[in-house]
Enquirer: 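Got a structure for you, questions after.
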Amino acid sequence: MLLALSMKKIEWIWDMVMIPAPTSEAELLDRAYALAGFTLGELAQKCHITCPVDLRREKGWVGMLLETCLGATAGNKQMQDFQNIGIELKSIPISYTGKPLETTFVCVAPLKDVHGLTWEVSNIRNKILKILWIPVEGEREIPLCERYVGMPLIWQPSIEEEAQLKADWEELMEFIVLGKVHQITAQHGEHLQLRPKAANSKALTKAYGVNGQPIRTMPRGFYFRTQFTSRILANHFMLSNLDITKE
DNA sequence: CTGTGATCATTT
DNA sequence: AAATGATCACAG
């Protein structure tokens, strides 16, 4: 499978003190392409950020680094990374064969005030309408600072993909509405799954019980299965390869 | 605690 | 080897 890690480094006039937010999709994509072919260590150096030895104590470090490099405004709650241009940023760890090594966290799942909530107005739909994916080498045997950033891609769900995600979301939300969140396991949902999303297993948040009474349970999040994201990447790079051969 | 950024580490 | 449940750091 072709998931090219660009070895062509586009020189950039970096002045990594503070990167302004991009004002268009084209500008954001240009910047993302300019990151391809650099290692995480090189990008960190340009940002004056120290690259940790591994991700055990900083699982979100790669994502934060890319946000800094692309001018994302951090700290915004429940919003897309680039709200002005309607784009969400996701880094994705890939194997030597270009396949995702991890599921992709999308957003936290609402466990209360879900009465009447529909897919059309859900937070998750807003997050997945347009995503800038940035593949990064993720094999643990590769030292973090030596991992290469790959070619970015903009993805928007096809009619079919959105229908699939909506179906999974509705199945999962049905459990939540009925107070059966405890019955949900990671095996529910064909493309979208619901799993814990918390500091640890002792964290508790409010939800509903089977009789509608308030209960406390672990916070959950929606995640894309690897097969789903693998298909997104494969489709994109196979198509771009066809474009190249046409020229 | 909630939500941002996710990957870890044990089980299957 | 892949998948699931658990976990890490930080801002507000």
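Letters go in sequence order (proteins before strands), and every chain restarts at 1.
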Enquirer: Please lay out, stage by stage, how A/K90 and A/T104 fare under the test side chain to side chain contact (heavy atoms under 4.5 Å, CB included).
Expert: CA-CA 8 Å; A/K90 288 290 174 198; A/T104 302; 4.0 Å; yes
Enquirer: Taking the six-membered ring for Trp and the full ring for Phe, Tyr or His, determine whether the centres of A/H188 and A/F175 are under 6.0 Å apart.
Expert: yes
Enquirer: Answer with yes or no whether the side chains of A/E161 and A/W155 bring together a donor and an acceptor at under 3.5 Å.
Expert: yes
Enquirer: Regarding A/G60, tell me which of base, sugar-phosphate or nothing describes its non-hydrogen contacts under 4.0 Å with the strands shown.
Expert: base
Enquirer: May I have the distance from A/R56 (atom CZ) to C/dC10 (atom C1'), rounded to whole angstrom?
Expert: 20 Å
Enquirer: Do NZ/NE/NH1/NH2 and the carboxylate oxygens of A/E25 and A/K130 come within less than 4.0 Å?
Expert: yes
Enquirer: Can you tell me how far C1' of C/dA3 sits from CG of A/L101, to the nearest Å?
Expert: 13 Å
Enquirer: Nearest-Å distance, CG (A/L144) to P (C/dC8)?
Expert: 18 Å
Enquirer: Determine the interplanar angle of the A/H191 and A/F228 rings, folded into 0 to 90°, and report it as parallel if under 30°, tilted if 30 to 60°, perpendicular if over 60°.
Expert: tilted
Enquirer: Go nucleotide by nucleotide along DNA chain C from the 5' end; which of A/Q227 and A/A198 gets its closest nucleotide reached first?
Expert: A/Q227
Enquirer: What nucleic acid atoms does A/K202 come within less than 4.0 Å of, heavy atoms only: base, sugar-phosphate, or nothing?
Expert: nothing
Enquirer: In whole Å, I'd like the distance from the NE2 atom of A/H182 to the P atom of C/dG5.
Expert: 14 Å
Enquirer: Which nucleotide of DNA chain B is the first, and which the last, in the 5' to 3' direction, to come under 4.0 Å of a heavy atom belonging to chain A?
Expert: B/dC1 to B/dA9
Enquirer: Give A/E102 one of three labels, base, sugar-phosphate or nothing, depending on what nucleic acid heavy atoms sit under 4.0 Å from its own.
Expert: base
Enquirer: A/Q227 side chain to A/E190 main-chain N or O, any donor-acceptor pair under 3.5 Å?
Expert: yes
Enquirer: When the distance from OH of A/Y223 to C1' of C/dG5 is rounded to whole Å, what number comes out?
Expert: 9 Å
Enquirer: Which whole-number value in Å describes the distance from A/D54 CG to C/dT7 C1'?
Expert: 14 Å
Enquirer: Under 4.0 Å, heavy atom to any atom of DNA chain C: which of residues 184-197 of chain A qualify?
Expert: A/T185, A/A186, A/Q187, A/Q193, A/R195, A/P196, A/K197
Enquirer: Nearest nucleotide by nearest heavy atom, which residue falls closer to the 5' end of DNA chain B, A/T205 or A/E58?
Expert: A/T205
Enquirer: Establish whether A/L194 and A/V108 are linked, either directly or via other cluster members, by ILVMFWY side-chain heavy-atom contacts under 4.5 Å.
Expert: no
Enquirer: Give one of base, sugar-phosphate or nothing for A/S91, where a contact means two heavy atoms less than 4.0 Å apart.
Expert: sugar-phosphate
Enquirer: Does anything in residues 108-125 of chain A come within less than 4.0 Å of DNA chain B? Heavy atoms only, and list the residues if so.
Expert: A/V108
Enquirer: Can a donor-acceptor pair be found between the side chains of A/E141 and A/Y96 at a distance below 3.5 Å?
Expert: yes
Enquirer: From CG of A/N200 over to C1' of C/dC10, roughly how many Å is that when rounded to an integer?
Expert: 15 Å
Enquirer: Within the 4.0 Å heavy-atom criterion, would you say A/Q80 contacts the bases, only the backbone, or no part of the nucleic acid?
Expert: nothing
Enquirer: Can you classify the ring geometry of A/W133 versus A/F224 as parallel (below 30°), tilted (30 to 60°) or perpendicular (above 60°)?
Expert: tilted
Enquirer: One thing to verify: whether A/E139 and A/R147 come together as a salt bridge, which I'm taking to mean a side-chain N less than 4.0 angstrom from a carboxylate O.
Expert: no
Enquirer: Can you measure A/F105 atom CZ to C/dA6 atom P for me and round it to whole angstrom units?
Expert: 17 Å
Enquirer: I want to confirm an ordering. Mapping A/R140 and A/W61 to their closest nucleotides on DNA chain B, which one lands closer to the 5' end?
Expert: A/W61
Enquirer: Closest heavy-atom contact between A/L35 and A/V149?
Expert: O-CB, 3.7 Å
Enquirer: Is it true that the side chains of A/Q193 and A/R195 contain a donor and an acceptor less than 3.5 Å apart?
Expert: yes
Enquirer: With nearest nucleotides of DNA chain C determined for A/S201 and A/R225 from heavy-atom distances, which residue corresponds to the more 5′ nucleotide?
Expert: A/R225
